[in-house]
Visitor: 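After the structure tokens below, expect a handful of questions from me.
By convention in this document, chain letters (A, B, ...) are assigned in the order of the sequence lines, proteins followed by strands, and residues within each chain are numbered from 1.
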Protein chains: 2
Amino acid sequence: MKKSPAPQPVNLLDVARAAGVSRATASLVVRGSPLIAPPTRERVLEAMKQLGYIYNRGAANLRQSRTHTIGLVLSNIANPFFSELTAGVDDVNDANDVVCFIANSVESPERQARQIQRLREHNVDGVIICPAIGSNDTLLEDLQRLSLPYVQVLRHVPYGSGDYVAADYASGIEKAVRHLVETGRQKIMFVGGMSVHSAAVARLDGFHRAMALHQLPDDMVVAGKWGNTYDEVELDRLLLGSNPPDSAICYNDIMALALMSHLQRRGYTLGDDFAVIGMDDLPQAAAAYPPLTTIATNPRMIGQAAATLLQKRLEAPDRPTERIILPANLVIRASSETRTS
Amino acid sequence: MKKSPAPQPVNLLDVARAAGVSRATASLVVRGSPLIAPPTRERVLEAMKQLGYIYNRGAANLRQSRTHTIGLVLSNIANPFFSELTAGVDDVNDANDVVCFIANSVESPERQARQIQRLREHNVDGVIICPAIGSNDTLLEDLQRLSLPYVQVLRHVPYGSGDYVAADYASGIEKAVRHLVETGRQKIMFVGGMSVHSAAVARLDGFHRAMALHQLPDDMVVAGKWGNTYDEVELDRLLLGSNPPDSAICYNDIMALALMSHLQRRGYTLGDDFAVIGMDDLPQAAAAYPPLTTIATNPRMIGQAAATLLQKRLEAPDRPTERIILPANLVIRASSETRTS
DNA sequence: CTGTTAGCGCTTTCAC
DNA sequence: GTGAAAGCGCTAACAG
């Protein structure tokens, strides 16, 4: 194998000299300026290839206001929902020639603050952030202090302002309730009730609102816990009670899948004895047995929208704040089929 | 709300002046050098806080050889397996004060090449990469040409050299086969046979090897397809054939879950009529019904090991190449319980 | 269209 | 311990 010939870094000036032009000319060529005559451009490009030139954006960044770099700060990377979202962000970044730092706050506001600081020191142009549980005004103050443009996704801090992208949880849940009612269910419970962040509140509120709309009792709520689990004791109490539920809407697909497993272990036939509806429409929802009816929140689309919105904000810092609420549609599958009885 | 007072960036010189010291002194303070007298340090720190100083690593990077930045190039971010791995990488990065760019090649060598080039231009210190299907020597040549230290994870390019971290697929599968044999299964099929990349080859090879070891026929292999699906026609052909399988080992958990759903739809009782074993031990494996027996490949640990190995490589570029193969243990759950008959 | 010049904010000798 | 000065690789302003 041939040894790499010259670890000596070659810079724009070297390229310029090799091509017999000035450094400024070479600079314009790298950036594809139309001001350069084609033959000159060719000569420079050739020299670049010859010398194995690598554009040093770090140096360019020192002179420019933009680095073509953003940060993505998530509350829990390991959650499949967020990986879909990340993929969406990456899609639009790849198209825009921007590159993305990833950071996992693991629901810790302290770690989150540290990571934001770090990203700022690396001069990211802006961040897309799903605030960790417990984030408050301090987060926004930090961002403001660091003059870091941001877009919140999925959740927003209390009283928070600024750009925001999420799914329409409430109307999704309303659709789910309507579907259950239309297929003969009346005793609907909500599994995964929490109020730890805005998205959780929105879902639970949506449930209460929808049940009220249909004049159904909304008192069957099983508390959710960190890590996408729920209170099993409470669930069993309801299941074995005098007026047990005949269906459930879950905080998300992961809890719904766990619930299905739980119910099947207890002998329920899903879709018949009991209807289960999840939320998010992760790939695994369709692959479950029985396939899971779910409210599609389109994480990938949310990621794309957020990345696009952040770019718009960077191009026009003074544009009015935008709050994008993407529709959440019900995807009907076997887990909520019309009961046979 | 108070407007942010001074969007004017404050730099080290400003801090130095405010603290009544020279810029060099201030520089040493930011980096926590022990050469500075505590009282001086305090004064500078105070000035920094007062002025809202933000360390500009971009500028520092121009002078130093390291940027404290790495790239993580994955073949498919949306796969939950990779999000676990990413979380592992993030864990050690957070501890080492390095920040991580993420890039999704979506199994496209071209996109992958583009992203690596981009990362290089941003001066990452190195990359962790799971090569896209179809990657060949060109990838390693590119990395070498860009003098970009790298660690391959999970897969490696053909004839590839260099640092590498993966799980011991073969021995994991051997354990799975032994477990099946010990619980009375003889007719074992492999679902998701592919040879598109080294990890796929390793798993399939492992299956053949293990079956030979137990002197069992190894001809029942259902081909896998892109996107974690398999050839359903072929599967049904085997299932309905004259000598049908009584158990299956799958390429990964996602396929295993799909297979379970498939079998349940056809009336099989899993763990009894038929045993299913997956691979990876994703969180959803434990939550499935019945809970899925699986070969744990510890994606998170792989991520941690890769990030750690990359740091070691950066600190000692000439250290010998390391190939870390993490153990893969069998996690036994109900989907492969001893048959009752 | 091309060349010259002056920095961006930091680190790093090397004197003091 | 501290300060002065040079320079990392690039862009931008302006003169030709």
Visitor: Please identify each residue that fulfils side chain to side chain contact (heavy atoms under 4.5 Å, CB included) with B:A316, with sequence neighbours left out.
Guide: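 If we apply the side chain to side chain contact (heavy atoms under 4.5 Å, CB included) test to B:A316, skipping adjacent residues, the hits are B:R319.
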
Visitor: Checking B:H122 now: which residues fulfil ring pair (Phe, Tyr, Trp, His ring centres under 6.0 Å) with it, not counting sequence neighbours?
Guide: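 B:H122: ring pair (Phe, Tyr, Trp, His ring centres under 6.0 Å) contacts with B:F101.
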
Visitor: Which residues pass the side chain to side chain contact (heavy atoms under 4.5 Å, CB included) test with B:D137, not counting sequence neighbours?
Guide: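 Side chain to side chain contact (heavy atoms under 4.5 Å, CB included) check on B:D137 returns B:E141.
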
Visitor: Checking B:D125 side chain against B:H68 main chain: does a donor-acceptor pair fall under 3.5 Å?
Guide: yes

Visitor: Who pairs with B:Q112 by side-chain hydrogen bond (donor to acceptor under 3.5 Å, both in side chains), at least two apart in sequence or on another chain?
Guide: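 For B:Q112 the side-chain hydrogen bond (donor to acceptor under 3.5 Å, both in side chains) partners, ignoring immediate neighbours, are B:S135.
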
Visitor: With B:D318, which residues qualify under side chain to side chain contact (heavy atoms under 4.5 Å, CB included), at least two apart?
Guide: none

Visitor: Does the protein touch nucleotides 6-16 of chain C at the base, only the backbone, or not at all? Give it as B, S and - per nucleotide, heavy atoms under 4.0 Å.
Guide: BBBBBBB----

Visitor: Under 3.5 Å, side-chain donor or acceptor atoms of residues 11-32 of chain B against the rest of the protein: list the pairs with distances, not counting sequence neighbours.
Guide:
unit_1 : atom_1 : unit_2 : atom_2 : d
B:N11  : OD1    : B:L13  : N      : 3.1
B:N11  : OD1    : B:D14  : N      : 3.0
B:D14  : OD2    : B:N11  : N      : 3.0
B:S22  : OG     : B:A24  : N      : 3.4
B:S22  : OG     : B:T25  : N      : 3.3
B:S22  : OG     : B:T25  : OG1    : 3.1
B:S27  : OG     : B:R31  : NH2    : 2.9
B:R31  : NE     : B:S27  : O      : 3.4

Visitor: Between the two end axes of the helix from C:dC1-D:dG16 to C:dC16-D:dG1, each built from 5 base pairs, what angle do you get to the nearest 10°?
Guide: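 Comparing the first five pairs with the last five, the axes sit 30° apart.
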
Visitor: B:R17 has an atom CZ; how far is it from atom P of D:dT2, in whole Å?
Guide: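 Distance, rounded to whole Å: 18 Å.
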
Visitor: Whether B:T25 contacts D:dG1 is assessed here as follows: a side-chain N or O lying under 4.0 Å from the phosphate OP1 or OP2. Is that the case?
Guide: no

Visitor: For residues 103-114 of chain B, which residue pairs pass the salt bridge (charged side-chain N to carboxylate O under 4.0 Å, His left out) check, not counting sequence neighbours?
Guide: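 Of all non-adjacent pairs touching residues 103-114 of chain B, those that pass salt bridge (charged side-chain N to carboxylate O under 4.0 Å, His left out) are A:D90-B:R111, A:D91-B:R111, A:D94-B:R111, A:D94-B:R114, B:E107-B:R155.
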
Visitor: Tell me which pairs pass side-chain hydrogen bond (donor to acceptor under 3.5 Å, both in side chains) where either residue lies in residues 33-53 of chain B, with sequence neighbours left out.
Guide: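 Non-adjacent pairs meeting side-chain hydrogen bond (donor to acceptor under 3.5 Å, both in side chains): zero.
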
Visitor: With sequence neighbours left out, write down each residue that passes side chain to side chain contact (heavy atoms under 4.5 Å, CB included) with B:L146, or none if nothing qualifies.
Guide: A:I54, B:I116, B:Q117, B:R120, B:L148

Visitor: Please state how far atom CG in B:L35 lies from atom C1' in D:dG3, giving the value in whole angstrom units.
Guide: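 One finds 15 Å between C1' of D:dG3 and CG of B:L35, rounded.
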
Visitor: Mind calculating the distance between CG (B:N61) and P (D:dG9) to the nearest angstrom?
Guide: 13 Å

Visitor: Pull out every residue in residues 39-48 of chain A that has a heavy atom closer than 4.0 Å to any atom of DNA chain D, ordered by number, or say none.
Guide: none

